[in-house]
> 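Mind having a look at this structure? Questions to follow.
Letters go in sequence order (proteins before strands), and every chain restarts at 1. Only this structure's heavy atoms are used, side chains among them; waters, hydrogens and symmetry mates stay out.
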There are 2 protein chains.
Amino acid sequence: MSKKTLQPPRGTRDFYPEDLRLREWLFSHFRAVARRFAFEEVDAPVVEHAELFMRKAGEEIVDQLYHFELHGRHLALRPEMTPSVARMVMARAGALRFPLRWFTLTQNWRYERMTRGRKREHYQWNLDIYGEPGVSAEAELIAALLQLLDAVGLAPDDVKVRINSRALLEEALRHGVLRERPDVFEPLCVVIDKLDKIGPDKVTEMLVDPEGGVGLDAADAAQVVEMLKARSLEEAAAHAPEGSPALAELRRLFGLLEAYGVADRVLFDASVVRGLAYYTGVVFEAFDTGGTLRAICGGGRYDGLIETLGGPAIPAVGLGFGDVVILELLADKGLTPKLRRELDDVVYPFGENERPAAIAVTDRLRREGRAVELILGSPKLKRVMADSDRSGARQVWLLGPDEVGRGVAKVRDLGSGEEREEPLPG
Amino acid sequence: MSKKTLQPPRGTRDFYPEDLRLREWLFSHFRAVARRFAFEEVDAPVVEHAELFMRKAGEEIVDQLYHFELHGRHLALRPEMTPSVARMVMARAGALRFPLRWFTLTQNWRYERMTRGRKREHYQWNLDIYGEPGVSAEAELIAALLQLLDAVGLAPDDVKVRINSRALLEEALRHGVLRERPDVFEPLCVVIDKLDKIGPDKVTEMLVDPEGGVGLDAADAAQVVEMLKARSLEEAAAHAPEGSPALAELRRLFGLLEAYGVADRVLFDASVVRGLAYYTGVVFEAFDTGGTLRAICGGGRYDGLIETLGGPAIPAVGLGFGDVVILELLADKGLTPKLRRELDDVVYPFGENERPAAIAVTDRLRREGRAVELILGSPKLKRVMADSDRSGARQVWLLGPDEVGRGVAKVRDLGSGEEREEPLPG
């Protein structure tokens with residue numbers, strides 16, 4: 001077998017016990033916060049029909065789809081959960097009670113160039129609310145992501161949530177540079193999303209490029225980039241039409257976030273538009289205030305998605321929160337938890353004659369719910385004691401011929417070093 | 001979008017909240033038993049290099065591989081976890097402490113013909129012990145699977161574990177019909193494994209078929225099939241060579257299982273060989289005693305696998321336990337648990353003026369760890385009460401203008417129907 005075959009494919013991960021413990025620790029927080037916010041978990045296949053993920057706005061996520069023909073079908077590894085969840089909502093739209101709160105915790109794939117520690121798979125926690133058109137839904141999602149950050153040990157100042165509204169941008173552009181080109185709004189957002197990565201000059205260039213799907217003239221492109229500089233609702237109001245509904249909505253959202261007690265952890269930022277085509281309203285992203293990492297999580301409103309799948313109009317808002325960036329941030333801050341193997345008892349028969357008695361002890365302890373390692377084979381006592389110490393066991397049950405003859409086991413507490421005798425079962 | 005695209009691909013499943021609750025209930029038992037038996041969880045990529053799964057013994061699992069070329073690589077969705085776990089053990093063999101106990105709980109894919117309710121993906125709980133050559137390891141796995149059956153509510157008589165040893169069969173054949181053809185033992189086992197499905201005549205035919213990879217003469221094939229009829233160690237001894245080590249091992253295993261108190265739940269069955277090529281020693285399968293379902297789980301010893309990957313000789317024994325058959329059995333017996341949504345409180349602001357107070361109540365309850373649904377939008381009280389009842393909430397917090405004006409909420413207990421007032425936070 002080739003050496004390559006003995007590695008996980010490039011960009012994917014093996015999870016050894018210590019890696020899995022860290023993953024499960026993070027997942028348990030994701031699940032606990034979802035439960036507190038009354039979200040119900042759902043899941044869909046890892047492999048879907050590729051068409052479900054195809055969109056025309058030039059998104060990276062579509063370009064990077066892991067897709068292939070198999071048995072005459074065009075299939076894809078899901079790059080994100082939102083289309084699958086939308087498909088599930090649509091299939092039972094008549095029977096479900098809205099608004100509904102669903103969450104997923106799944107692995108997704110993107111075939112990315114391998115740069116800067118990016119992977120080709122990651123786990124993502126998704127929260128979606130379907131059926132609520134108002135920003136009280138957005139407020140719930142933002143409150144949930146902040147509770148997750150608290151739960152994993154970050155301080156309120158470590159991360160801020162930047163909020164904008166595509167509807168606000170669209171209103172402004174529809175009265176301005178896109179008056180005659182409303183169809184290019186989606187690809188325009190996909191380009192603007194690259195601002196942090198490639199800078200304003202390159203974004204302007206891409207907005208002008210006739211091949212790039214937008215094709216503004218230079219003055220219009222410069223005006224769009226200028227608008228993205230607004231960092232307060234007051235500055236944004238300068239570009240908004242009179243009585244802007246999107247502006248009123250944003251004001252209402254910030255008001256609700258004050259009631260959650262998180263006003264100092266959120267801010268307006270006109271440059272946040274997100275890189276997915278389907279967002280239609282409020283969008284948001286959380287960033288480390290140190291400014292060294294990519295977005296920790298993000299989301300927004302996508303009221304039109306189910307309609308584009310051919311279903312009814314159902315308003316929706318969602319949040320996606322990956323496992324990679326948050327774990328990088330925790331590591332940078334020295335907050336990665338030290339998680340030991342969970343082991344209560346080690347049971348050690350000195351020889352095969354004592355094994356039946358050791359099995360009886362082990363079985364009784366396990367039926368009490370304890371985590372018990374029964375020593376297999378015939379290692380030396382010294383080795384058993386060293387391994388037990390290392391693995392974090394609480395106590396070791398020693399069953400030698402003398403003890404078993406007397407119907408007892410010697411029990412050594414690895415914390416205190418004390419020994420006692422316990423009667424054998426039966 | 002085509003109608004087909006809006007369904008999960010054929011043979012795969014969506015998990016709606018009620019499906020996911022059942023899956024999580026089963027998974028929580030898998031994890032709890034693994035913990036009690038001191039197994040540590042690991043994971044590997046869903047997509048591996050296809051070569052990792054390729055073997056030459058004509059196994060169904062290899063024929064049914066979901067594989068494809070992508071960006072110049074030959075990749076596959078894993079059909080089973082054992083090769084991935086073996087790869088991980090091999091990569092760190094020098095640093096790991098043996099014997100080690102690892103478990104996985106993962107989704108695997110097989111591109112099967114869609115018959116008799118078979119699916120193309122399933123979840124499987126795998127327990128593996130690496131580094132222990134003796135049957136004390138097999139005994140641990142069999143004890144663990146029986147504890148799982150107990151945990152999900154089955155009675156001891158509902159399921160039996162049938163045990164055999166490929167080593168015993170190999171010893172007998174090496175002194176008999178395979179004296180000059182030891183190389184066909186693996187494909188011979190793959191054929192024998194079909195006995196339950198296709199019957200003895202068809203198995204004999206396949207053993208004889210010169211195209212089938214075994215090519216015995218008719219008398220030899222009949223003799224092999226005859227040997228599979230043994231249902232006790234005494235009957236098996238008739239075919240075993242003098243002083244058979246495999247027979248001694250089996251006797252020892254049954255002795256250990258007596259110490260676990262499960263002697264009446266296990267039996268010898270010479271026809272059990274398992275359909276995977278890599279097993280080398282003890283093999284076992286659990287069946288419902290009603291005899292209506294496929295094997296619930298199975299496993300065995302595969303001491304040679306890491307060597308075939310190019311690594312050192314590390315003895316290994318494993319168990320695979322899928323989610324589909326056990327859930328069918330529980331359903332047949334009326335043991336499927338009724339699992340309701342977990343929801344403690346519903347908080348209902350009568351209007352937008354009361355929303356900030358409702359948010360403060362919600363936030364306090366969630367920080368106490370309670371599962372709380374804050375009502376979004378402006379549904380009618382009647383609708384909120386009906387939905388709260390249906391979703392199993394314990395209490396509803398009602399915040400009308402009068403209550404909020406007096407700094408209280410009215411709290412209705414949905415169990416007792418009683419109402420009380422609670423002061424609002426802050």
Side-chain angles (χ1 to χ4, degrees), chain A residues 1-2 4-6 8-9 12 14-17 20 35-36 38 40-49 51-52 66 68 70-71 73 75 87-88 90-91 97 99 107 111 132 134 136-137 140 256 259-261 309-310 341-343 355-356 359-360 363 366 369 371-374 376-377 387, chain B residues 1-2 4-6 8-9 12 14-17 20 35-36 38 40-49 51-52 66 68 70-71 75 87-88 90-91 97 99 107 111 132 134 136-137 140 256 259-261 309-310 341-343 355-356 359-360 363 366 369-374 376-377 387:
Chain A
M1 196 144 301
S2 72
K4 193 189 69 181
T5 303
L6 296 169
T12 69
D14 287 336
F15 288 86
Y16 282 86
L20 209 294
R35 191 188 67 81
R36 291 207 292 268
E40 298 184 271
E41 190 168 358
V42 299
D43 197 5
V46 165
V47 179
E48 292 264 18
H49 296 289
E51 191 191 358
L52 185 64
Y66 256 93
F68 46 87
L70 193 67
H71 299 278
R73 291 192 179 81
L75 302 173
R87 174 176 71 60
M88 289 174 64
M90 183 177 155
R97 303 291 284 178
Q107 198 175 17
Y111 195 86
E132 172 52 40
S136 58
E140 281 278 275
L256 292 173
Y260 283 95
L309 298 179
R341 179 176 176 189
E342 198 192 344
L343 188 61
R355 186 164 295 278
I359 287 172
D363 193 56
R366 284 176 179 158
V372 188
E373 180 175 1
L374 171 64
L376 307 175
D387 283 355
Chain B
M1 195 145 303
S2 73
K4 194 189 69 181
T5 303
L6 296 169
T12 68
D14 286 337
F15 289 85
Y16 282 86
L20 209 294
R35 192 190 65 81
R36 291 209 291 271
E40 298 183 89
E41 189 169 358
V42 299
D43 196 5
V46 165
V47 180
E48 290 264 19
H49 296 289
E51 190 191 358
L52 185 65
Y66 257 93
F68 47 87
L70 194 68
H71 299 279
L75 301 174
R87 175 176 72 59
M88 288 174 66
M90 184 178 152
R97 302 292 284 179
Q107 200 176 16
Y111 194 86
E132 173 51 40
S136 58
E140 281 278 275
L256 292 173
Y260 282 95
L309 298 180
R341 179 176 176 191
E342 198 192 345
L343 188 61
R355 187 163 296 278
I359 287 173
D363 194 54
R366 286 175 178 159
R370 297 176 70 88
V372 188
E373 181 174 1
L374 171 65
L376 307 175
D387 283 355

> Can you find a heavy atom in the side chain of B:Pro8 that is under 4.5 Å from one in the side chain of A:Arg87?
yes
> Which atoms of A:Leu376 are under 4.5 Å from chain B, going by heavy atoms: the side chain, the backbone, both sets, or neither?
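When you check distances to chain B, atoms from both the backbone and side chain of A:Leu376 fall under 4.5 Å.
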> If you measure from CZ on B:Arg36 to CG on A:Leu343, what distance do you get to the nearest 0.5 Å?
14.0 Å
> Could you tell me how the ring of B:Tyr111 sits relative to the ring of A:His71: parallel (under 30°), tilted (30 to 60°) or perpendicular (over 60°)?
parallel
> Can you tell which of B:Glu373, B:Arg97, B:Lys4 has the highest number of heavy-atom pairs within less than 4.5 Å of chain A?
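That would be B:Arg97.
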> Within this structure, what is the CE-CG distance for the pair A:Met90 and B:Leu6, rounded to the nearest 0.5 Å?
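Interatomic distance, A:Met90 CE to B:Leu6 CG, rounded to 0.5 Å: 4.5 Å.
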> Given heavy-atom pairs under 4.5 angstrom as the criterion, report whether the side chain, backbone, both or neither of A:Glu41 touches chain B.
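Looking at A:Glu41, backbone and side chain both touch chain B.
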> Checking A:Asp387 against chain B: side chain, backbone, both or neither under 4.5 Å from a heavy atom?
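Side chain of A:Asp387 only, per the 4.5 Å heavy-atom cut-off to chain B.
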> Any chance you could measure B:Glu40, atom CD, to A:Tyr16, atom OH, to the nearest 0.5 Å?
13.0 Å
> Select, from B:Pro17, B:Gly134, B:Gly369, B:Ala44, the one with the greatest count of heavy-atom pairs under 4.5 Å involving chain A.
B:Pro17
> In Å, rounded to the nearest 0.5 Å, how long is the span from OH of B:Tyr260 to CD1 of A:Ile359?
4.5 Å
> Check A:Ser2 against B:Glu51 and note the closest heavy-atom contact, atom names and distance.
OG-OE1, 3.4 Å
> Are any non-hydrogen side-chain atoms of A:Pro9 and B:Glu48 less than 4.5 angstrom apart?
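Touching, per the 4.5 Å side-chain cut-off.
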> Grab the two heavy atoms, one from A:Tyr66 and one from B:Leu70, that are nearest each other, plus how far apart they are.
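Smallest heavy-atom distance, with atoms named: CD2-CD2, 3.0 Å.
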> Do you know the tightest heavy-atom contact between B:Thr5 and A:His49?
CA-CD2, 3.7 Å
> Would you call the rings of A:Phe68 and B:Phe68 parallel, tilted or perpendicular, where under 30° means parallel and over 60° means perpendicular?
parallel
> If you take all heavy atoms of B:Ser136 and A:Arg355, which pair is closest and at what distance?
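Smallest interatomic distance, heavy atoms only, reads CB-NH1, 4.0 Å.
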